[in-house]
Amino acid sequence: MGAEAIEVVRGICGRWNNDATRLLDIIRAVDNEFQCVSGPVLDAVAEALSVSRAEVEGVVTFYSFLSAKPRGQIIVRLSNSVIDRMKGADEIAAEFERALGIRVGETTSDKRVSLEYTSCIGMSDQAPAALINDVVVPRLSVSEVRRITRLLLSQTGTADLRTLLVESYGGGNNAHDLVRSSVDNSIRQTGPVIFADMERGSALRKALTLSPMEVIRVIKASRLRGRGGGGFPTGVKWEHTRGGDPERYIVCNADEGEPGTFKDRVILTERADLVFEGMTIAGYAIGAKRGILYLRAEYAYLRNFLEHILAERRTDGLLGSDLGSAGVFDFDIRIQMGAGAYICGEETALLESMEGRRGQPRLKPPFPASQGYLGKPTCVNSVETFCCAARILDRGSSWFSSMGTKASAGTKVLSISGDCRRPGVFEVPFGITVKELLQSCDGVDAAAVQIGGPSGRMISPSSFTRTICFDDLATGGSIMVFHQHRDVLDIAAQFLRFFIHESCGYCTPCRVGNTLLLERLDRIRQGEGAATDLDYLRDLASTLQTMSRCGLGWTSPNPVLSTLESFPGQYEKRIPLTDSRNVSAFDLQRSSSEARRITGRDSTPELRSRGESLMAGHAENEGQP
Amino acid sequence: MTDRPRIVLVVDGQRIDSDPGVTVLEACDAAGVYIPRLCWMKGVSPFGACRVCVVRVNGRPQSACTHPATDGMVIENDTEELRRYRRNVIDMLFVEGNHFCMFCEKSGECELQALAYRFGIAAPKYPLLFQPKVLDATHPDILLDRNRCILCGRCVRSSMEIDGKAAFGFAGRSLEKRLNVSSEDGLVGTHLCLEDAAVRACPTGSLLAKRHGFEVPFGERRFDDEPIGSEIEVVAVRPGSIPEIGIDADTDPRSALDSEKADAGGPSGRQGGDTREKG
């Protein structure tokens with residue numbers, strides 16, 4: 001790496017004025033240039049930004065889309081969510097490996113193509129899917145993989161991958177010149193709040209005729225609650241953000257990472273104006289001049305399109321200086337790209353990430369409303385919440401609160417995937433039953449439904465009469481349907497693997513405990529569990545729930561706890577019946593296998609059976625007083 | 001010395017009073033109530049990572065080292081539930097690393113080992129995970145053995161906040177998270193030196209001074225006579241400083257107190273003195 005490369009790095013850092021809080025943008029650009037951030041390049045970034053090398057490396061190694069190890073110019077990222085795998089992702093991975101001549105995790109010898117797994121990329125309705133750099137390749141089949149790999153291997157230059165790979169465009173704005181994607185929207189059910197037609201600027205113009213406090217009163221009267229899953233009253237949050245420092249920020253959380261959800265992707269594709277309008281109204285209400293939309297790296301293909309919408313809004317006088325008739329309101333929005341980390345969906349981790357650090361959640365208090373982005377009062381809401389807010393200002397609070405239930409006003413957009421014939425996006429009124437949902441998506445033979453993604457819960461048919469709302473089944477929007485031939489313990493194990501991969505590693509219980517949960521669950525799945533293992537799992541799970549530092553560790557035991565609750569028979573049938581506490585959990589042959597291999601002495605069949613009877617005898621004795 | 005109004009907390013049914021503006025852990029320390037901790041260290045900013053100090057504040061779990069103490073707080077600390085969870089968390093730290101106490105130079109001075117003894121852990125109940133870790137022996141005076149690192153960040157914060165060097169950081173995430181040093185060449189490439197607070201900050205045997213092994217013989221080490229936490233509990237017996245509610249003096253492990261040490265703690269907080277500074 002010569003002086004030339006160092007100059008390139010300095011140039012990149014200069015583009016962001018050597019501002020360490022923009023480290024994520026800088027590293028993304030450096031990574032894009034060199035396919036890795038390591039060695040002298042790392043030192044050069046640290047020097048330019050006046051931070052330690054360890055700090056820069058800490059950020060590089062935190063995010064899945066950045067790397068301290070060299071990779072190919074083209075990175076194929078295979079989405080490995082439960083749904084992708086149900087739809088054949090393993091076969092797809094095998095075909096990629098065969099066609100590229102490398103294993104997952106490797107790079108071709110000519111340094112052109114790397115193959116990786118990645119967490120759910122938000123395409124569960126068109127799984128199995130993959131990302132090839134920024135290009136989404138959904139609905140993969142073996143023949144499609146052959147076509148793609150042939151194209152990738154035959155190209156030598158830096159051809160535009162989008163032009164090369166995308167044969168036909170999906171519906172709506174997926175066909176827009178700045179998107180050109182084969183992704184489908186799959187909007188199966190539209191509703192009045194999110195997917196109804198909108199007139200750009202209508203809601204904002206109405207908001208600007210009110211005072212900021214009046215806007216907040218309208219939002220409060222609508223009984224709007226945050227759509228991310230937490231359900232905090234939006235009007236109250238806005239009001240809290242109005243105090244203190246006059247420099248305030250609006251942040252839109254578009255880091256849609258919960259496996260099985262993809263509705264924000266569709267909202268950003270088809271209702272970007274509504275999102276930006278909601279952010280602008282929120283900015284007016286709380287007295288912020290700047291808004292930031294944090295877009296997950298997986299949705300980078302939408303970035304130019306979203307920038308274009310922002311530019312149009314500036315031209316139309318809906319963003320920028322002197323907005324409204326009084327001309328006293330300034331507001332603009334920028335897009336912050338993520339870099340592949342589920343935890344950044346947690347609002348304080350999101351703020352850390354936006355400030356160029358590892359996406360580790362902050363302690364609360366202080367809450368973002370008093371100390372958020374750059375330590376200033378910040379209002380963080382989800383994509384869907386901002387849409388609702390804009391629509392409420394346009395149509396009125398009583399119009400909104402007349403929909404849904406008393407405690408859960410309005411509609412909810414759900415992403416439904418899995419074993420159903422009509423997967424896709426559904427805008428439904430709150431209070432709808434799971435049974436009704438299953439009819440809508442044509443998944444009536446479901447044997448289990450996962451509500452709210454891996455961090456949510458799995459319910460059995462006896463609970464299908466329950467309703468989607470904040471005080472029954474609260475969800476950010478991920479609904480996964482499983483039929484009777486799916487193994488719910490295998491699904492739980494996959495969910496745990498996801499949490500193990502995505503834990504930030506800051507606190508002990510989450511960093512270590514999830515791996516311990518999986519170890520015991522796997523043992524049970526292999527038929528080697530003991531009856532005591534169920535209590536062991538519950539004790540571990542409650543340790544994580546109580547002792548972890550943030551919501552990831554509080555909810556990561558849910559796959560185990562909710563399957564234990566809804567499907568206890570699935571555990572019991574795998575645990576061998578025995579009087580002893582220990583016999584089934586200890587396999588003498590397996591435990592001594594390594595020692596036997598090293599010494600080259602295998603036990604004879606007689607010894608083997610004697611060993612087993614010895615163990616059985618030991619266990620019997622143990623059971624006696 | 002300002003005459004600030006005092007605040008009152010109830011810890012396990014016992015009333016303690018405290019200066020305002022401190023954390024739950026600091027308030028309890030000053031009152032002689034020990035809350036187990038690993039990643040906390042006096043003089044550097046709190047971290048809330050090890051989770052050993054988690055208490056229930058008005059029913060909600062919070063790390064005592066980071067949570068501000070406020071008037072009227074009801075805190076659960078030494079309860080059966082929390083003892084069980086803390087034990088589990090300490091167990092997790094053991095199986096995550098490779099802690100081979102009987103061959104470790106730090107044995108008897110190690111806070112992780114001392115906590116395990118205090119909690120009655122003879123052997124970990126979880127399966128050993130044996131994550132591969134890199135040992136860094138590049139520095140002429142200091143050894144970094146990541147196998148014994150518990151990611152408490154005490155060296156990271158000490159280097160940053162006391163030594164002004166930023167020699168350490170963290171890399172990776174999840175179970176692959178590891179202590180990182182600010183040089184591609186390893187510890188030798190950093191400005192770290194033996195005198196730095198960062199080296200002394202390590203609660204385990206992860207950062208060790210080379211050629212200074214076993215200078216203090218076993219039997220004379222920090223935790224050889226008294227369990228970890230005794231140094232805090234000993235202040236508790238300042239007569240009259242702690243109004244107690246329903247504590248049975250016969251079963252109170254702190255009943256044998258060193259009154260000299262207690263006196264060294266300074267004037268009773270009642271008179272507005274700062275009880276946090278112990279002699």
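The sequence lines fix the lettering, A, B, ..., with proteins before strands; numbering per chain opens at 1.
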*Around atom CD of A/Gln526, are there more than 12 heavy atoms of other residues, nucleotides or ligands at under 6.0 Å?*
yes
*Should B/Met92 and A/Thr543 count as side-chain neighbours, where that means a heavy-atom distance under 4.5 Å?*
yes
*For the residue pair A/Thr61 and B/Gly172, what are the closest heavy atoms and their distance?*
OG1-N, 2.7 Å
*Go through the steps to decide whether B/Arg56 and A/Thr546 satisfy the test side chain to side chain contact (heavy atoms under 4.5 Å, CB included), and finish with yes or no.*
CA-CA 9 Å; B/Arg56 283 193 183 273; A/Thr546 310; 3.7 Å; yes
_Using side-chain heavy atoms (C-beta onward) and a distance below 4.5 Å, is A/Ser503 in contact with B/Lys177?_
no
_Heavy-atom proximity to chain A below 4.5 Å, by part of B/Val89_ = both
*Using a strict 4.0 Å threshold on nitrogen-to-oxygen distance, state whether A/Asp539 and B/Lys125 make a salt bridge.*
yes
_With sequence neighbours excluded, residues passing side chain to side chain donor-acceptor pair (under 3.5 Å) with A/Asp522_ = A/Arg525
*Are there residues of residues 128-152 of chain B that reach to under 4.5 Å of chain A by heavy atoms, and which ones?*
B/Leu129, B/Ile150, B/Leu151
*Can you list the residues that meet the ring pair (Phe, Tyr, Trp, His ring centres under 6.0 Å) rule with A/Tyr117, with sequence neighbours excluded?*
none
_Neighbourhood of chain B inside residues 44-54 of chain A, taking heavy atoms under 4.5 Å as contact_ = A/Ser52, A/Arg53, A/Ala54
*Counting only heavy atoms closer than 4.5 Å, note whether B/Arg60 contacts chain A via side chain, backbone, both or neither.*
neither
_Counting only non-hydrogen atoms closer than 4.5 Å, does A/Ile500 touch chain B with its backbone (N, CA, C, O), its side chain (CB onward), both, or neither?_
both
*Interface residue of largest heavy-atom contact number with chain A, from B/Gly48, B/Ala167, B/Gly169, under 4.5 Å*: B/Gly48
*Note, A/Leu540 side chain near B/Tyr126 side chain (heavy atom, < 4.5 Å)*: yes
*Segment of B/Thr190 engaging chain A (4.5 angstrom heavy-atom cut-off)*: neither
_Heavy-atom pairs under 4.5 Å with chain B - which of A/Glu57, A/Arg358, A/Gln545 has more of them than the others?_
A/Arg358
*Under 6.0 Å between the ring centres of A/Tyr506 and B/Phe47?*
yes
*Stepwise, does the side chain to side chain contact (heavy atoms under 4.5 Å, CB included) test hold for A/Arg549 with B/Thr66?*
CA-CA 11 Å; A/Arg549 188 166 169 273; B/Thr66 56; over 6 Å; no
*Roughly how far, to the nearest 0.5 Å, is CG of A/Asn514 from CG of B/Leu175?*
10.0 Å
*asked:* Let's test your reading of the structure: which of A/Ala341, A/Gly359, A/Gly39 forms the most heavy-atom pairs below 4.5 Å with chain B?
replied: A/Gly39
*Side chains of B/Arg173 and A/Ser64: is there a donor and an acceptor less than 3.5 Å apart?*
yes
*Go through A/Val59, A/Val60, A/Leu516 and name the one with the most non-hydrogen pairs under 4.5 angstrom from chain B.*
A/Leu516
_I'd like to verify something: which residue of A/Gly58, A/Ala68, A/Cys510, A/Pro509 has the highest number of heavy-atom pairs under 4.5 Å with chain B?_
A/Pro509
*Check A/Arg520 against B/Pro127 and note the closest heavy-atom contact, atom names and distance.*
NH2-CD, 4.1 Å
*Going from OG1 on A/Thr515 to CD on B/Glu96, what distance comes out if it is rounded to the nearest 0.5 angstrom?*
9.0 Å
*asked:* Under 4.5 Å from any heavy atom of chain B, what part of A/Leu544 do you find: side chain, backbone, both or neither?
replied: side chain
*Does A/Phe232 CZ have over 12 foreign heavy atoms under 6.0 Å away?*
yes
*Checking A/Tyr63 against chain B: side chain, backbone, both or neither under 4.5 Å from a heavy atom?*
backbone
*Does A/Gly505 offer a backbone N or O that forms a donor-acceptor pair with the side chain of B/Ser174 under 3.5 Å?*
no
*asked:* Please find the pair of heavy atoms, one from A/Ser548 and one from B/Arg51, that lie closest to each other, and give the distance.
replied: O-NH2, 3.4 Å
